[in-house]
Each structure stands twice: as C-alpha cells, then as structure tokens.
Amino acid sequence: MDNEIKDELQDDIFTQSEDPAPTTENYNDDSIVHLEDMEHIRRRPGMYIGKLGDGASQDDGIYVLIKEVIDNSIDEFTSGFGKKIEVRVDKAEKKVSIRDYGRGIPLGKLKEAVSQLNTGAKYDSKVFQKSVGLNGVGTKAVNALSSYFRVQSIREGKTRIVEFAQGKLINDSGIIPVEAALRQAQGPQLSTGSGALDTGTLTEFIPDSALFGNYHYVDEYIEKRIWNYAYLNRGLSLIYNDKRYYSKNGLLDLLQNNMEGEGLYPIIHIKDGDFEAAFTHVNGQSSDYFYSFVNGQHTTEGGTHQSAFREGYARVVREFYQKEYEPADIRQGLICALCVRIQEPVFEAQTKTKLGSTHLAPNNPDGTNDSPFLKTYVFDILKRHLDNYLHKNPETVSVLQAKIQANEKERKEIAGIKKAARESAKKVSLNNRKLRDCRIHLNTNHEKRLESTIFITEGDSASGSITKSRDVQTQAVFSLRGKPLNCLGMTKKVCYENEEFNLLQAALNIDEDIENLRYNNIVIATDADVDGMHIRLLMLTFFLQFYPDLVRNGHVYILQTPLFRVRNKKETYYCYSDEERTAAKEKCGKQAEITRFKGLGEISPDEFRGFIGPNMRLEPVLLRYDFGIKELLEYYMGKNTMERQKFIIDNLRIEDNSNIADAV
C-alpha cells in the first residue's frame, strides 16, 4: 500500500511538464475586463474576507461579515455615540441583524457608503481617531457577498433605507420621516416602541449560499466575538439573541472568565492611556499565550504590538531580578490579554489578524514620522507599572522567580533529547513515509493558505483512500501506526523521544511555537468505532497537553464521515446519523440497500472525494475554558476513578442495529 501511495503521489506532484503548453485562447483587447466594485468582491472574496468556508471554522467568511458590520458600530461607541448594540442571528432564515444607536450614516451618502469602494468617513482621522475599519471595504464586502442586504440609517427624525441583492440595488426609499417608514413597514426592526425611532443604523443581511454553500452558524464562535467586544469596550452593552453581554473590568474579566482555576499569582492589570494588559502565569503551558487586540480588532496572528510586549516584559523582569534569564524561560506559562489603540493601524491583510504598524500614528505627508515607536511606548509603560508592582508584591516576586527557574530546569533537561530528535526529523523529512504533503501551506502568503489542511488518519488503509481522493494543492495526510501513546502527565520529552509524535510535530512545524504552523486545519480522521474514538481522544490529549494553542486558536477539527450509504438503482444517499438513514430509506423505498461503513478504508476513493471536498463536514474542537485543561484530561484520560465509572454507567447507550441487518 505504501509503495502504491508513494508512486501515485510522485506522479501527482513531480511529473508536471517543465515547459507548460501555451494556451489556445487569444490574448487581445477583449481579454481586458473591467469589474465593478461589487462584482470584483464577488469574484475575489478571499482578498476581502480571507476565505469563504461553511461556518465550521471560526475564521470562516460568514463570521467575518458579522465582524465587519459590528466594527462600524464599535467605532461609533469609541467615538462617544451609542452605548448599546443589538445583534440577532436567525438560524432558520440565516439572516443577521445588527442595530446600533450611534450617529447613523449620513443619509445623503448612505447608498454610496455601502456599495462603492474607497467611500467612507474613516479616511478622515479627525472623525474616527482610532478606528479599525480604515479601507472603506468592510460593509461593501458584506453587501456584495450577501444574497440580501438592507441598511437603514436614522438621523434627526429622518431615515433612509436601501436594499441590495448580490450587491445590486433593488430598492431605495429616499430620505423620509421615520414615522412614515414605520407606517409603511419597510422591514423589521430589532427594537420596538421608542427604540425604533432612535438615531443609529440597522443592518440586515443573508450571506449568499451560492458563494458560501450550505453554511451554518456556530453559536460559540459568535458568542466569543461578542464577549471580546464587551471586554474591550467597558460600558458598552451588547445584546446577542436577547442575552446581554457586559464587562465592568475589561481585559481583567477576559482573563478571569477564560481560566477555570487560579493563576500562579494574582492577575496583574495595567491600564495606561491607550494601553491595557492583564497577565499572569499558569502551569502546563509550553510557551506564552496572548489574547491580543488593536483598536478592538482581535489580532489572532499577533503583530508588532504583541512582539513589543513579549520583548518588553522579558526585559523588565530581567532588569528587576538582575539576572540574565532566557526570555523563553521568563515567558513560558505566561497568559496575557493585551490591547493597544493607535491611529490608522496598518494590518497585513484586509482580515486584520496581524498588526504591522511600528509607530502610534501614521507617517506625515513627507514620509517622516515623529510619533513614538510602538515598541518604546509599550516598554515604557511596562517599566513603570510592572517594575513598581513587583517592588510592592514580594509574594508574586517569589512565585514568578520559582516558575522561571522551573522552566529553565525543564529546558535544560530536554535540550539534548531535543537536539537529537531534530536531527532525526531532518533525516526523515525528505522521506517521511507517514506524511503525504501538499503544495500550499499556512506559513506562506499564498491566497489559499487558509485552506491548508492535514488529515491525521489511523493506518495505511484509511490514509490510502484519503490520499487518492485529496486535493494535493491544499490537503496533506499523516498516517498513524495504530494507537498513539497516552501522554497524559508526561513531560515534553515524550514529544522528542516518541518517533511518531516527533514526526508529527515536525510535519506541523510547531516545535518552538505555533507561529510557523504549516496547516490551518488539523483534522483528526478516525473510524467511527470504539477504537477510532479512542485514537481520537489520544490525539486530543497530545494536542491539549503540549500544544493547547492549536485548539484555542481553532485549528483542530474532527472529520465527520457518513455512517451509512442508502441506495437503490436510481439514487444514492450518504447518511451521518440514524435520522438521515431513516429518511433516506423512505426515499429509496422497498428496494433500499443499506451499507454500514465500519472504517474509512471501506469507503472508495471516488466516494471519499465528496466527503473531503467543498461540502466536507468538520466538527470543531472547542474548549469551554481556555485554561482548565489539566482537570479535563485527568478526568477522561487519567486513572479509572469511581467518578468516571459512574459517569460511564449513567451514560451507557445500547445500540439496536437489528433494523439495519434486516434491511441489508
């Protein structure tokens, strides 16, 4: 099997002609095409929202659309207008409604503000001093990528409503009195009574299924975004599907609500002007972890502000203890919520996940910049506040120093093993029989980098089907040899001593940290039986024990494959549950033939291609608490305690497969 897969992969990747055949199409004046703003967004959505997706991933496009609209409402709040934002997601209609109580978009330019690129008020820093949306793109992208888009602005007792379908105007009410709009019932309102007359903006949209496919919303993803807005904007009330989200203590609340237990020392909370940070240390972390934000934008990939904090924190601690501790030893186990606000931030892409600004303000017209360096600004604040805190809190000083020394001891203990393992990984990297790699990776600038996926399969049989049916551009396969080691309670030495774990971390490129992760989606693909479930748990234990950031950042998924195939001579249905099987059996009638898939290897490559293609079903691995991992793993993967035995007995299910056998 391995040789067949290897030969096929070589044919797939290495037999391309060095001199591609010239195209037969004519290149002339007719080849030059001008796309209008909305059409360009629809043709190249990745340039504006990162990727499309079906909602299974937290960075899928449908959540970016929600974010783009809420960002505008947040900008109103930070400018001093409107203390409430209402968000509603109707899962049946797939419609999103967002209402703020800010100043409202100027009525005369409402249509242009939501349909013409490079049109908006945020080019004027005097109007929006520290806004997130600076490119005049966000709402236009929402408009273009929605099958239905409606925006209503209310100002000074007057209103205007414009409606679009796939970016094309279908209705414009013109400027009319608010009371007239209510009498004419020109669309539903989020607020009833007097609230419907209040100044502000109401935006409604339905993402276009022609682009996003059969998408769905995951409440946890939306709720997480709503909470982040609350933490970053103290005093703002957000109402999501009738539930209120509010934070009194900002980033301090964020850290406390994402920790199941206590930190090693009380959370240090610093707020100084446009800088805010809350941080502490925890055990069980192989590196540091950040919730970082710029002007309210969650910068999941970090950037210059996060680098400035990491460097400045290590420098202040070294100077305080007057010891040359390694920065990595100082930061290991650090968890930090960080936010800075700067004028006209520069991000590396429209999705705004990584900050690139080096100063607190943009360049002058002549190209010079006399505003402070971001790195200097952050260090000066840390020097004043953190140094002062450490001098006043000797207990924290002792705990922090003990943690640093423990990190140093652990690093030195595994240094030799780590070096040998790296050398071993390098030797097999060119001929890693467990890895069938793809061409496009996350740690590149390729436009499809967010689609990069690695499937972790059990055995050669399952990996064979996936390898033959995958997209070699974006999908890689890593094959396990049976059940991996249960690494609960072990030190990180096992990542280097265990050959399988060592090869896997080398394939993912996560030895030091996850900043250079090679695949955006890590998909555990195991059989839907007891052994498959056990392997799934063992792999989750490995990731949560040593690389929890992969789970926190939404990179880890479970592949859902069909349990049954129901068919007759005319139709074939693939069913993922008993309910789907029953419905399919009724459609196929008495001639229905039912097949129960016991393992992935039983599914032919031709069939598998449909299960890992555009309609692939992925179940995200989510954590209720970001830092309650130790207790979670000990309960499910530790010693067989009485509590776990009772849980198993109370939740035991007996499957009745007699009806399947009868049908077959």
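The basis for the numbers below is simple: all heavy atoms, side chains too, and nothing from hydrogens, waters or symmetry mates.
The environment of Arg44 atom CZ is sparse: at most 12 non-hydrogen atoms of other residues, nucleotides or ligands sit within 6.0 angstrom. Summarising the local packing, NZ of Lys375 is surrounded by 12 or fewer heavy atoms from other residues, nucleotides or ligands at distances under 6.0 Å. For Lys448, the NZ atom sits in a loose shell: 12 or fewer heavy atoms of surrounding residues, nucleotides or ligands are nearer than 6.0 Å.
In this structure, the side chains of Tyr557 and Val621 stay at 4.5 Å or more apart for every pair of heavy atoms. The closest side-chain heavy-atom distance from Leu202 to Ile98 is not below 4.5 Å. Residues Phe543 and Ile522 form a side-chain contact, since some pair of their non-hydrogen atoms from C-beta on lies under 4.5 Å apart. Looking at Leu255 and Tyr291, their side chains come closer than 4.5 Å, going by heavy atoms from C-beta outward. When side chains are defined from C-beta on, Arg244 does not count as touching Leu238, because their heavy atoms never get closer than 4.5 Å. Using a 4.5 Å cut-off on side-chain heavy atoms (C-beta onward), Thr203 and Arg150 make no contact. Residues Leu374 and Phe379 have side chains not in contact (no heavy-atom distance under 4.5 Å, counting atoms from C-beta outward). At a threshold of 4.5 Å between non-hydrogen side-chain atoms, the residues Arg449 and Thr444 count as touching.
For the side-chain contact (heavy atoms from CB on, under 4.5 Å) with Asp59, the qualifying choice from Val64, Asn520, Thr353 is Asn520, the only one to do so. A side-chain contact (heavy atoms from CB on, under 4.5 Å) with Phe212 holds for exactly one of Asp54, Leu145, Asp60; it is Leu145.
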- Message: Would Leu264 and Asn283 count as a side-chain contact (heavy atoms from CB on, under 4.5 Å) here? Give the steps.
- Response: CA-CA 8 Å; Leu264 295 182; Asn283 283 322; 3.5 Å; yes

- Task: Dump the intermediate steps for side-chain contact (heavy atoms from CB on, under 4.5 Å) on Asn258 and Trp227, then the final yes or no.
- Result: CA-CA 11 Å; Asn258 284 280; Trp227 265 124; over 6 Å; no

- Message: Quick one, His385 with Asp272, criterion side chain to side chain donor-acceptor pair (under 3.5 Å). Give me CA distance, side-chain angles, the key distance, then yes/no.
- Response: CA-CA 9 Å; His385 294 278; Asp272 187 328; 2.9 Å; yes

- Task: For Ser292 and Thr299, run side chain to side chain donor-acceptor pair (under 3.5 Å): C-alpha distance rounded to whole Å, both residues' side-chain angles, the deciding distance at 0.1 Å, then the answer.
- Result: CA-CA 6 Å; Ser292 66; Thr299 44; 2.8 Å; yes

- Query: Yes or no on side-chain contact (heavy atoms from CB on, under 4.5 Å) for Leu622 and Tyr221, after CA distance, side-chain angles and deciding distance?
  - Reply: CA-CA 9 Å; Leu622 303 172; Tyr221 292 158; 3.5 Å; yes

- Tyr215 vs Asp208, side-chain contact (heavy atoms from CB on, under 4.5 Å): CA-CA, chis, key distance, verdict: CA-CA 9 Å; Tyr215 63 89; Asp208 194 348; over 6 Å; no

- Query: So Glu86 and Lys243, salt bridge (Lys or Arg N to Asp or Glu O under 4.0 Å) or not? Walk me through it.
  - Reply: CA-CA 10 Å; Glu86 299 169 344; Lys243 180 181 176 181; over 6 Å; no

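Side-chain contact check for Arg160 and Ser153: no donor-acceptor pair (N or O, by modelled atom type) lies under 3.5 Å. For the residue pair Asp100 / Ser73, a side-chain donor-acceptor distance below 3.5 Å is found, with atom types taken as modelled. In this model, no donor atom of one side chain and acceptor atom of the other lie less than 3.5 Å apart for Thr304 and Thr358. Side-chain atoms of Asn553 and Tyr289 form a donor-acceptor pair, as typed in the model, at a separation below 3.5 Å. Using modelled atom types, one finds a donor on one side chain and an acceptor on the other under 3.5 Å when comparing Tyr229 with Asp71. Between the side chains of Gln332 and His281, not a single donor N or O lies within less than 3.5 Å of an accepting N or O. Tyr148 and Glu163 share a side-chain donor-acceptor pair at under 3.5 Å. Thr159 and Gln152 share a side-chain donor-acceptor pair at under 3.5 Å. Checked by atom type, the side-chain pair Asn443/Asn516 shows no donor-acceptor distance below 3.5 Å. For the 3.5 Å distance criterion, the side chains of Tyr240 and Asp219 qualify, holding a donor opposite an acceptor.
The side-chain tip of Lys83 does not point at the ring of Phe77 from less than 6.0 angstrom away and within 45° of straight on.
Ring to ring, His40 and Tyr48 are close: their centroids are under 6.0 angstrom apart.
Remark: side-chain polar atoms of Asp549 are not paired, donor with acceptor, to backbone N or O of Ile514 under 3.5 angstrom. With hydrogens and angles ignored, the 3.5 Å screen pairs no side-chain donor or acceptor of Ser146 with any backbone N or O of Phe149. A donor-acceptor pair is defined here as one N or O able to donate and one able to accept, closer than 3.5 Å; such a pair exists between the side chain of Lys140 and the backbone of Ala113. Between the Tyr63 side chain and the Val218 main chain, a donor and an acceptor come within less than 3.5 Å of each other. A side-chain donor-acceptor contact under 3.5 Å links Arg155 to the backbone of Gly104. A distance-only check finds a donor-acceptor pair linking the side chain of Ser173 to the backbone of Ile161 [under 3.5 Å]. With hydrogens and angles disregarded, no donor-acceptor distance shorter than 3.5 Å links the side chain of Glu276 to the backbone of Ile270.
In terms of heavy atoms, Gln306 sits closest to Leu338 at CA-CD2, 4.0 Å. Closest approach of Arg341 to Leu232, counting heavy atoms only: NH2-O, 3.0 Å. Taking both residues in full, the closest heavy atoms of Leu540 and Ile524 are given as CD2-CD1, 3.8 Å, listed atom of the first, atom of the second, then distance. Residue Ile62 comes nearest to His216 through the heavy atom pair CD1-O, 3.3 Å, listed as atom of the first residue, atom of the second, then distance. Shortest non-hydrogen contact noted between Tyr519 and Leu508 is CD1-CD2, 3.8 Å.
Annotation: side-chain contact (heavy atoms from CB on, under 4.5 Å) contacts of Ser115 (sequence neighbours excluded): Lys111, Asn143, Phe164.
For the atom pair CG of Asn295 and OG1 of Thr78, the computed distance is 8.0 Å after rounding to the nearest 0.5 Å. For the atom pair OG1 (Thr139) and CG (Leu65), the distance works out to 10.5 Å, reported to the nearest 0.5 Å. Here the OG1 atom belonging to Thr300 is positioned 14.0 Å from the CZ atom belonging to Phe290, to the nearest 0.5 angstrom. In this structure, CG in Leu544 is found 9.5 Å from CG in Leu550, a value given to the nearest 0.5 Å. Atom NE2 of His298 sits about 9.0 Å away from atom CZ of Arg225, to the nearest 0.5 Å. In this structure, OH in Tyr101 is found 4.5 Å from NZ in Lys84, a value given to the nearest 0.5 Å.
For the pair Arg331 and Asp288, the salt-bridge criterion is met [side-chain N within less than 4.0 Å of a carboxylate O]. Using a 4.0 Å cut-off between charged side-chain N and carboxylate O, Glu39 and Arg43 make a salt bridge. In this structure, Glu76 pairs ionically with Arg103, as a charged nitrogen and a carboxylate oxygen lie closer than 4.0 Å.
By the 30° and 60° cut-offs, the orientation of the rings of Phe309 relative to Phe279 is perpendicular.
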